[in-house]
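One-based numbering, in listed order, for ligands and for the atoms of each. Counting begins at 1 with the first residue of the sequence.
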Amino acid sequence: MPLSEFELIDRCFSDLGATRKDVTLGVGDDCALLRVPPGQELAVTVDTLVEGVHFLPDVDPESLGHKVLAVNLSDLAAMGATPAWITLALTLPAPDLEWTRAFARGLGSLAERHLVRLVGGDTTRGPRSITLQAHGFVPEGMALRRDGARPGDLVFVTGTLGDAGLGLRCLTRGYDAGADRDYLVGRLERPEPRVDAGRVLAGVASGAIDISDGLLSDLGHVVKASGVGAEIHLDRLPLSGGVQHCVDETGDWNLPLASGDDYELCLVIPPERAEQARALARSSGVGISGIGRIVPGSGIVVLDARGEPLATDDRGFDHFRE
Ligand code: ADP
Ligand code: MG
C-alpha cells in the first residue's frame with residue numbers, strides 16, 4: 001500500500017529541527033502560530049529547487065535536504081538575521097518514504113545545528129520540486145542591506161572563493177583536483193551558510209550580500225543598489241589550495257570571480273570598523289579577507305597584481321560568466 005500524503009508528513013516532517021519556545025503551534029493545524037521577539041524585525045526569504053533545473057534526478061536526497069536549507073540560511077545570514085523557522089512546500093512524483101526520509105535527515109541535521117524549527121508546509125504530487133521559506137530575526141534597523149555601501153567602504157568576503165565552481169567541474173567535466181576533490185565537492189553539495197558571521201557583523205558592516213551567483217554578479221547587485229562603484233584586486237581574492245592550483249595552471253580567473261554556489265558573504269565595511277569586523281568574524285568561526293573598496297561612480301573594476309584594470313568595457317564582466 002502506498003503511503004498517504006498525511007502519513008508521509010507524519011513520518012518525515014512532524015518533528016523536524018530544534019524545539020523552540022517561540023512556536024505556539026507548529027506542523028498539524030491550518031496555520032502555524034509564531035511569536036517574533038519585541039524589538040526585532042522578521043526577515044523572510046524563499047527559494048525553489050526544481051529537478052532537472054537546479055538538481056539532477058539522481059542527486060543524493062540527504063545532500064539536497066541540506067542544500068535547500070543552506071541556501072535559505074545563507075540569505076538570512078546576508079541580512080545579519082538569526083534563523084528561527086522554516087516552512088516547506090514539497091512536490092513529489094510519488095510518496096517515496098525512503099527518499100523523503102533521507103531528504104528530511106539532511107534538512108533536519110542542518111536545522112538542528114542552527115536551532116531552526118520546521119513549522120509547516122504543503123505536500124503535493126507532481127514533478128519533483130522543493131520550495132523552502134525561512135524566517136529569522138534581526139534587531140530593528142540593523143539588517144545588512146544591499147543599498148548600504150558608501151564610497152570609502154572596504155569590500156570583504158568570508159572564507160574562500162571558487163571552491164563550489166571547481167567542485168562542479170570535478171563532477172561534470174572530469175576535472176582532476178587530486179587530493180582536493182572531496183573538499184571541493186563537499187563545498188558544492190554541503191555548503192555551510194555563514195550565519196554566525198552575518199549575525200555578529202549586523203550593525204558593524206554597512207551592507208552585505210551572499211555569493212550565490214559569483215562575486216562579480218553579486219557585488220554588482222550591491223554597487224547598483226547603492227549607486228556606487230567598486231575596485232577589487234585579483235591578488236587579494238582568498239583561494240583554497242585547489243582553486244589556487246587551478247588558477248595558476250590555467251590563468252583563468254573565472255572560478256573566484258564568477259562561479260556560483262559558494263554561499264560566502266560579501267560585506268562592505270567602513271575602514272574605521274574593519275579591525276573590529278575582522279575580530280568579530282574570527283570569533284564567529286570564519287575569517288574575512290579585504291579584496292577592495294567602494295568608489296564613487298558605477299560598476300566594478302578588477303585590478304591585476306600591478307594595479308592595472310583587467311577589462312573595462314560596457315558589458316562589465318559578463319564575459320567572465322560561465
Ligand atoms: P491544509 O489542507 O490545511 O493545507 P495540509 O493537509 O496541507 O493542510 O497539511 C497538514 C499539516 O501538515 C499542516 O499543518 C501543514 O503545515 C503540514 N505540512 C504539510 N506538508 C508539510 C511539509 N512538507 N512539511 C512540513 N509540514 C507540512
Ligand atoms: Mg495544504
Practice task
Check the pair T131, T48 against side chain to side chain donor-acceptor pair (under 3.5 Å), reporting the backbone distance first and the verdict last.
Solution key: CA-CA 4 Å; T131 297; T48 295; 2.9 Å; yes

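- In this model, a donor atom of one side chain and an acceptor atom of the other lie less than 3.5 Å apart for R190 and S63.
- Evaluated by nearest non-hydrogen atom to atom 12 (O) of ligand 1, the leading choice among L132, I130, I9 is I9.
- Taking only nitrogen or oxygen atoms, main chain and side chain alike, V119 does not reach within less than 3.5 Å of ligand 1.
- Side chains of S226 and D147: no donor on one and acceptor on the other come within 3.5 Å.
- Close approach of ligand 1 to G120 (heavy-atom distance below 4.0 Å) involves ligand atoms 16 (O), 24 (N), 25 (C), 26 (N), 27 (C).
- Listed by number with element, the atoms of ligand 1 under 4.0 Å from a non-hydrogen atom of D29 are 13 (C), 14 (O).
- Atoms of ligand 1 found under 4.0 Å from any heavy atom of L118 (numbered from 1 in listed order, with element): 24 (N), 25 (C).
- Closest heavy-atom approach to atom 24 (N) of ligand 1 within the set F13, F103, F6: this belongs to F13.
- The closest side-chain donor-acceptor pair between S74 and D210 falls under 3.5 angstrom.
- Taking a cut-off of under 4.0 Å to the non-hydrogen atoms of T123, the atoms of ligand 1 that pass are 19 (C), 20 (N), 21 (C), 22 (C), 23 (N).
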Practice task
Would you sort out whether T158 and E264 count as a side chain to side chain donor-acceptor pair (under 3.5 Å), showing the intermediate values?
Solution key: CA-CA 6 Å; T158 58; E264 296 294 350; 2.5 Å; yes

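- With hydrogens and angles left out, the side-chain atoms of R236 and S289 include no donor and acceptor closer than 3.5 Å.
- Interface atoms of ligand 1 facing D30, defined by a heavy-atom separation under 4.0 Å, are 3 (O).
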